[in-house]
Amino acid sequence: MKVLYFAWLRAKVGTGEETVVPPEDVADVAALVEWLRSLSPGHAEALADLAVVRVAVNQDYVGLDAPVRPGDEVAFFPPVTGG
Amino acid sequence: MIRVQREDFDPAAELARFSGNGAIGGVCLFLGLVRDYVGEANARRQDVTAMTLEHYPGMTEKQLAAIEAEARRRWPLEDALIVHRHGRLEAGERIVLVATASAHREAAFQSCHFLIDWLKTKAPFWKVEHTAHGDTWVEARDSDDALAARWEKG
């Protein structure tokens with residue numbers, strides 16, 4: 001599974017992209033976030049407040065209950081500020 | 001049509017695409033520029049020298065294409081164009097161009113307004129402002145959410 005981080009989340013995690021192999025019982029975004037938080041203090045800090053984090057699976061916006069599978073591209077980023 | 005690019009663009013040259021289609025009676029264009037201050041008004045001038053736009057290659061194009069398709073579903077458009085830049089942009093530089101063309105002005109005005117409102121809350125871009133006091137990630141504004149929400153269909 002490929003996990004991407006953008007903007008200040010990338011700075012806190014320390015990388016913009018990583019390949020991870022979560023335990024098999026990690027089946028949705030909420031469980032993935034919980035597991036990613038355990039990887040490092042930077043991950044924990046970046047994902048501490050999900051009110052300021054948006055999630056995309058395979059480049060579509062999703063909620064915390066969305067399923068995640070091996071091979072998915074999961075991205076975490078702040079609310080967008082383009083235009 | 002969607003374009004995401006680092007290079008500048010020429011608004012006049014972009015408008016050329018709308019010539020030659022006799023069905024087009026009106027074109028509406030929105031052009032976004034880099035402001036040189038932080039906050040709501042010049043009273044809070046803080047001298048933004050430049051900003052850097054980061055984006056999510058792949059998802060950006062996918063979301064912009066979806067937004068354009070939604071505009072084409074809602075209004076009878078002959079053509080639509082979104083050009084959005086990324087990378088470092090100095091104050092005063094062009095950031096984004098949205099242009100829509102239709103037989104009559106109302107559809108062109110409304111769809112152009114819709115596209116820039118939705119783009120601002122759905123396309124995965126993030127801005128860092130460079131000021132004399134350091135670099136700051138721009139926070140999403142509730143007012144932009146409200147402007148986008150008025151186009152939600154109940």
Side-chain angles (χ1 to χ4, degrees), chain A residues 1-20 28-30 32-33 36 40-83, chain B residues 2 4 30-35 38 51-67 82-87 89 94-98 112-129 135-148:
Chain A
M1 182 184 296
K2 188 159 86 171
V3 181
L4 306 176
Y5 307 95
F6 292 95
W8 54 259
L9 277 93
R10 172 171 39 76
K12 288 185 189 295
V13 171
T15 183
E17 177 177 342
E18 58 186 350
T19 301
V20 299
D28 61 19
V29 171
L32 178 64
V33 166
L36 288 170
S40 79
H43 285 81
E45 193 185 345
L47 300 169
D49 180 6
L50 295 182
V52 292
V53 174
R54 299 292 177 265
V55 188
V57 172
N58 300 325
Q59 304 184 354
D60 283 318
Y61 289 99
V62 298
L64 293 175
D65 58 348
V68 292
R69 301 178 185 83
D72 280 348
E73 177 177 299
V74 184
F76 297 94
F77 46 80
V80 303
T81 56
Chain B
I2 303 299
V4 180
F30 175 85
L31 184 63
L33 307 177
V34 180
R35 277 187 298 268
V38 175
M51 62 171 49
T52 299
L53 273 115
E54 175 180 338
H55 78 118
Y56 180 175
M59 183 171 174
T60 305
E61 290 82 356
K62 186 175 183 178
Q63 293 298 320
L64 290 178
I67 294 166
I82 302 173
V83 183
H84 205 304
R85 295 178 66 194
H86 62 91
L89 303 177
R94 292 177 276 264
I95 307 174
V96 61
L97 178 150
V98 175
C112 186
H113 203 167
F114 163 84
L115 283 172
I116 188 63
D117 279 355
W118 267 33
L119 179 160
K120 285 187 83 81
T121 58
K122 295 181 192 298
F125 288 93
W126 304 274
K127 291 171 179 158
V128 185
E129 285 175 333
D135 296 347
T136 315
W137 286 103
V138 175
E139 288 191 22
R141 293 148 53 115
D142 289 343
S143 57
D144 282 336
D145 287 338
L147 290 172

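Protein chains get the first letters and strands the later ones, always in sequence-line order, with residue 1 at the start of each.
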Looking at A:P79, A:A75, A:A56, which makes the most heavy-atom pairs under 4.5 Å with chain B? A:P79
Less than 4.5 Å apart, any side-chain heavy atom of B:T60 and any of A:Q59? no
Under 4.5 Å to a heavy atom of chain A? For B:H55 that would be backbone
Tell me, do B:W126 and A:T81 make a side-chain contact under 4.5 Å, heavy atoms counted? yes
Side chain from CB out, backbone as N, CA, C, O: work out which of these in A:R54 comes under 4.5 Å of a heavy atom of chain B, or both, or neither. neither
Could you tell me which portion of A:D60 (side chain, backbone, both or neither) has an atom closer than 4.5 angstrom to a non-hydrogen atom of chain B? both
Could you check whether any side-chain heavy atom of B:Q63 comes within less than 4.5 Å of a side-chain heavy atom of A:Y61, counting everything from C-beta outward? yes
Parallel, tilted or perpendicular: which fits the ring planes of B:Y56 and A:F77, with parallel below 30° and perpendicular above 60°? perpendicular
Region of B:K62 in contact with chain A, defined by heavy-atom distances below 4.5 Å: side chain
Search all heavy atoms of A:V80 against all heavy atoms of B:A140 and return the closest pair with its distance. O-CB, 3.9 Å
Please determine, among B:V96, B:V138, B:L119, the option with the most heavy-atom pairs under 4.5 Å with chain A. B:V138
